[in-house]
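Report on one structure; see the data block that follows.
FYI, side chains are in, hydrogens and waters are out, and symmetry mates aren't considered; it's all heavy atoms of this structure. Quick note: residue numbers are just sequence positions, from 1.
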Amino acid sequence: MPLSVFQNRRWDSESRTLRAIVRSGAVGDLRTVENVLDRWEPEATADGSGGGQLLDLGSHLVDQVREALGPADRVFATIDRRPADAYEYAFDLVIEHRNGVRSIVASDVLQPDGRPRLRVTGSSGTITLDGLDIQTEQVLAGLRPGDRGWGVEPHERWGRLTTVDGERRPYPRADGRWQDFYTGVRDAVDSRSGGFPVAVEGSLATFAILEAARHSDRLGAWVDLSSV
């Protein structure tokens with residue numbers, strides 16, 4: 001039976017921009033990637049229902065850095081709960097990837113003034129993106145893929161590149177393309193090729209990181225992925 005996983009946020013503007021930065025070497029040799037999604041949403045913690053932010057947004061944020069940077073070797077994590085031992089409203093993960101790059105993945109739904117959405121630092125500079133992918137805003141406004149301007153990030157929402165010499169200039173922000181997930185699933189089903197846009201193996205690797213994060217939070221120590 002064909003099987004794919006709903007990791008549509010690989011086609012977020014921020015995720016596509018991150019992969020473009022990695023491919024282009026725009027900041028030189030990569031050192032750290034900070035992938036953060038904060039928001040003020042206290043109602044999310046009201047009844048403590050659901051899997052919490054680590055399994056909700058965390059599954060997407062971890063997937064984005066794993067897809068861009070490759071396999072992880074170990075994880076250190078802290079998870080905040082409200083009330084204690086109930087809803088996981090915030091988390092901070094430090095992931096060491098096999099290629100030597102360190103990613104920081106975090107989210108907090110009780111944060112009225114969020115951190116930059118994405119920050120990528122390398123030997124020659126840093127690229128920073130603020131604000132969320134425009135597709136969410138467009139969906140709430142009633143737009144759909146195929147409508148004029150869908151997913152297009154205007155220049156005022158572009159990132160900024162700051163070089164080690166102090167130069168600052170805009171950095172193009174990739175357009176969001178959620179529709180590519182759905183067309184990819186359709187094409188895989190029609191052709192019976194099995195080439196789904198999100199492979200199960202990649203999602204299992206993401207889940208292993210999330211499990212390691214839970215272990216790390218309980219132990220207060222780094223957890224090797226090989227032990228999960």
Side-chain angles (χ1 to χ4, degrees), residues 4-22 33-47 49-69 80 87-93 103-120 127-160 170-186 196-198 202-203 206-207 210:
S4 187
V5 182
F6 188 57
Q7 291 288 3
N8 67 314
R9 285 190 175 272
R10 290 186 189 179
W11 288 269
D12 276 7
S13 167
E14 303 90 72
S15 185
R16 298 188 71 233
T17 303
L18 172 58
R19 294 198 298 273
I21 294 169
V22 173
V33 170
E34 299 163 67
N35 195 28
V36 179
L37 209 168
D38 289 333
R39 54 186 177 169
W40 174 247
E41 198 171 275
E43 62 274 17
T45 70
D47 61 4
S49 63
Q53 289 306 296
L54 181 65
L55 298 184
D56 183 359
L57 288 175
S59 64
H60 293 288
L61 297 175
V62 169
D63 185 76
Q64 289 171 350
V65 297
R66 189 197 56 76
E67 275 291 296
L69 304 175
D80 296 315
Y87 186 82
E88 297 173 350
Y89 70 87
F91 61 84
D92 290 87
L93 275 58
S103 62
I104 299 166
V105 178
S107 181
D108 185 344
V109 296
L110 298 179
Q111 176 53 262
D113 186 14
R115 293 161 284 187
R117 173 64 184 86
L118 178 71
R119 185 160 54 188
V120 184
I127 293 172
T128 304
L129 268 65
D130 293 306
L132 302 179
D133 178 290
I134 202 170
Q135 292 173 104
T136 298
E137 179 182 318
Q138 291 178 325
V139 165
L140 294 175
L143 296 179
R144 294 293 182 268
D147 289 346
R148 182 179 179 85
W150 172 266
V152 176
E153 294 285 350
H155 286 196
E156 59 266 25
R157 289 171 54 91
W158 278 16
R160 59 186 178 275
Y171 185 85
R173 183 172 185 151
D175 294 338
R177 294 192 57 85
W178 286 347
Q179 64 270 28
D180 288 357
F181 172 80
Y182 299 98
T183 56
V185 171
R186 180 202 62 197
F196 286 94
V198 178
S203 293
T206 294
F207 185 72
L210 297 174

Donor-acceptor pairs are to be reported for all side-chain atoms of residues 136-149 against protein atoms at under 3.5 Å, with residues two or more places apart or in another chain.
{"unit_1": "Q138", "atom_1": "OE1", "unit_2": "G151", "atom_2": "N", "d": "2.8"}
{"unit_1": "Q138", "atom_1": "NE2", "unit_2": "G149", "atom_2": "O", "d": "3.0"}
{"unit_1": "D147", "atom_1": "OD2", "unit_2": "R144", "atom_2": "N", "d": "2.8"}

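Atom CG of D12 and atom CH2 of W178 lie 6.0 Å apart (nearest 0.5 Å). Expressed to the nearest 0.5 Å, how far CD1 of I127 lies from CD1 of I21 amounts to 4.0 Å. To the nearest 0.5 angstrom, L37 atom CG is 11.0 Å from L118 atom CG. One distance of note links CG of L55 with CD of E88; it measures 6.5 Å at 0.5 Å rounding. Atom CG of residue L132 and atom CZ of residue R157 lie 7.5 Å apart, to the nearest 0.5 angstrom. From H60, atom NE2 reaches atom CZ of R9 across 6.0 Å, with rounding to the nearest 0.5 Å.
Between S103 and L69, the shortest heavy-atom distance links the atoms CB-CD1, 4.0 Å. Considering all non-hydrogen atoms of both residues, S203 and R10 come closest at OG-NH2, 4.5 Å. Nearest heavy-atom pair across P116 and T128 is CB-CG2, 3.8 Å. Of all heavy-atom pairs between Q7 and F181, the closest is N-CE1, 4.3 Å.
Looking only at atom types and distance, the side chain of Q179 has a donor-acceptor partner in the side chain of W150 under 3.5 Å away.
A donor-acceptor pair under 3.5 Å links the side-chain atoms of S4 to the main chain of V198, judged by distance alone. The main-chain N or O of Q135 is found under 3.5 Å from a side-chain atom of D133 such that the two form a donor-acceptor pair.
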> For R117 and N35, what are the C-alpha separation, side-chain angles and deciding distance, and is it a side-chain hydrogen bond (donor to acceptor under 3.5 Å, both in side chains)?
Replying inline: CA-CA 6 Å; R117 173 64 184 86; N35 195 28; 2.6 Å; yes
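Considering only residues two or more places apart in sequence or on other chains, V36 meets the side chain to side chain contact (heavy atoms under 4.5 Å, CB included) condition with D38, A106, R115. R39 pairs by the salt bridge (Lys or Arg N to Asp or Glu O under 4.0 Å) definition with E41, not counting sequence neighbours.
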